[in-house]
Q: 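Pasting a structure here, questions to come.
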Amino acid sequence: MRLRADVDRQILAVAVPAFFALVTEPLMLLADTAIIGHLGTPELAGLAAAAVVLGTVVGLCVFLAYGSTAAVARHHGAGEVSAAYGLAISSLWLAAGLGAVLGLGLAATSGPLSAAVSSSQAVADLAQQYLLVSTLGLPAVLVMLAATGAMRGSLDLRTPLVVTVVANVVNVVLNVGLVYGLDWGVRGAATGTVLAQWLAAAWLVAVIVRRSRRAAAPLAPRVGEILDAARQGVPLIVRTLTLRVSIVLATLVAADLGDVPLAAHQIAAALVGFLAFGLDAIAIAGQTLTGRALGAGDAGLTRGLTRRMMAWGVAAGVLAGVVLAVCAPWLPHLFTSDVEVRNALVPALLVVAAIQPLSGLVFVLDGVLIGAGDGVYLAVAGLIVLAAYTPLVLLVAWTGAGFTWLWVAYGGFIAARLATLWHRERGDAWLVLGPGRSAD
């Protein structure tokens, strides 16, 4: 009983601040959704199209956070503090360079990308406006990912929390002023978000640099270590790519259904993202605590932490589902004045609510395996899940089943992820001990 209480304390020490930090991150998108949503349905649909492009690019780079969390946590667990901060600095250099390259590429292709995921030319034009401004903040976003991951690995959850809360407050104030005060429309929303992102990135980098100097870690770029971090991230990129392809498929089907379903899909996706970030707090605990336990060479503690976090994941999912189901009838009013969009949203949100307990368990298992460095398996599992999900979402398009069934198909996606992750957790192949970066 005492051991379980100790495990719960460790989980809560990471998960609680991680929860508040994580739920503030998607608030930037929710704030943009609410502010832009009251400009009109075409503007909201344009944000939906831009968000899926931006989300795909940033999502593919989430390995910057996951990889640095696992690597830094393992080295801290093994007592190698200077090496841990050396890896953190290398991840920042990688993030900055990658962000600059991807920002330029996204700006150059913003037109065709916007058209590909939009339901009309008017929507595509608005999406491109948002994308072009948002590319200026891409390096900042990736640096934020790497810095936040490194801090989680060192068990500092407070700093990312404070930074994200301040950045979101700044984001809302700027967006309201630029969109409604200066009448900049979707460009104003994107500009406010970019400025808030750069504020957060600069703050986090300053903290890591100060701590690295204290730990006598090198600050200059070390090409070999940066390239190694990039190589280690490849399996996680594949894993994330499969997740993003599933999201793009769903958005394309929603766009094919029309402006109203696409606008409703943007709101539903933003709310699902909000819930996902909240549930992911326990997954962050999984990444951090698993990495530290494995780095310290304690397989028994790793198993105990995993099983307890799985229970926490289910409980959190049940709570999230109940809250969403209760709030479903009035939530759409916060994001749109279009009655058709509101009516389309309610049944879809009830479906999402029913899926949340499974989602909570999926996120925990995903976090544990990421913390263990089990990237290759996660990549293979992602491909299997995508192969199972694709026929489901395409069936919605082919049969014209309607917007709600798009989210029923999402339930099949979550179930497939659970099957692959649970299968892996029951074995021992992922339990690799020591300060090494990967279990592959």
Side-chain angles (χ1 to χ4, degrees), residues 26-27 29-55 114-131 175-176 179-180 185-186 188-189 246-275 321 323-356 392-411:
L27 283 177
L29 180 57
L30 282 175
D32 284 358
T33 300
I35 292 168
I36 291 176
H38 289 287
L39 291 175
T41 297
E43 286 81 1
L44 185 57
L47 175 61
V52 74
V53 175
L54 283 170
S114 298
V117 293
S118 295
S119 53
S120 64
Q121 186 57 50
V123 170
D125 292 341
L126 290 165
Q128 186 178 13
Q129 291 177 28
Y130 191 91
L131 271 180
N175 283 4
V176 171
V179 172
Y180 294 107
V186 295
S246 68
I247 293 173
V248 171
L249 283 173
T251 303
L252 290 174
V253 172
D256 187 60
L257 294 174
D259 284 2
V260 168
L262 182 58
H265 184 70
Q266 165 59 19
I267 297 173
L271 289 169
V272 168
F274 181 82
L275 291 174
V323 171
L324 181 59
V326 170
C327 297
W330 59 266
L331 266 177
H333 292 263
L334 296 177
F335 300 101
T336 179
S337 304
D338 191 317
V339 176
E340 289 185 78
V341 175
R342 292 177 187 169
N343 292 339
L345 266 173
V346 175
L349 293 181
L350 292 176
V351 172
V352 172
I355 298 168
Q356 292 310 296
L392 295 178
V393 71
L394 292 181
L395 188 62
V396 175
W398 291 335
T399 62
F403 177 65
T404 301
W405 283 97
L406 191 59
W407 289 96
V408 173
Y410 171 76

Q: Answer whether the closest heavy-atom distance between the side chains of L331 and L334 falls below 4.5 Å.
A: yes
Q: How about I35 and Y180: do any of their side-chain heavy atoms sit closer than 4.5 Å?
A: yes
Q: State which residues pass side chain to side chain contact (heavy atoms under 4.5 Å, CB included) with A50; sequence neighbours excluded, sorted by chain then number.
A: A127, Y130, L131
Q: Work out which heavy atom in A115 is nearest to a heavy atom in A124; give both atom names and the distance.
A: CA-CB, 3.9 Å
Q: For D125, give me all partners under side chain to side chain donor-acceptor pair (under 3.5 Å), at least two apart in sequence or on another chain.
A: Q121
Q: With A353, which residues qualify under side chain to side chain contact (heavy atoms under 4.5 Å, CB included), at least two apart?
A: L324, A325
Q: Name each donor-acceptor pair under 3.5 Å that joins a side chain in residues 393-406 to protein atoms two or more places apart or in another chain, with its distance.
A:
residue	atom	partner	partner atom	Å
T399	OG1	L395	O	2.7
T399	OG1	A401	N	3.4

Q: Return the set of residues passing side chain to side chain contact (heavy atoms under 4.5 Å, CB included) with I247 (not counting sequence neighbours), or none when no residue passes.
A: V52, R244, T251
Q: About how many Å separate CG of L252 and CG of L262, when rounded to the nearest 0.5 Å?
A: 9.5 Å
Q: Looking only at non-hydrogen atoms, find the nearest pair between G188 and V179 and report the distance.
A: C-CG2, 3.9 Å
Q: Which heavy atom of P261 sits nearest to which heavy atom of A254, and what is that distance?
A: CB-O, 3.8 Å
Q: Sequence neighbours excluded, which residues qualify as side chain to side chain contact (heavy atoms under 4.5 Å, CB included) partners of A263?
A: T41, L44, V341
Q: Verify side chain to side chain contact (heavy atoms under 4.5 Å, CB included) between F335 and L271, making sure each step is shown before the conclusion.
A: CA-CA 10 Å; F335 300 101; L271 289 169; 4.0 Å; yes
Q: Can you name the closest pair of heavy atoms from A328 and V346 and give their distance?
A: O-CG2, 3.8 Å
Q: Does anything in residues 247-268 form a ring-ring contact (aromatic ring centres under 6.0 Å, His included)? List the pairs, not counting sequence neighbours.
A: H265-W407
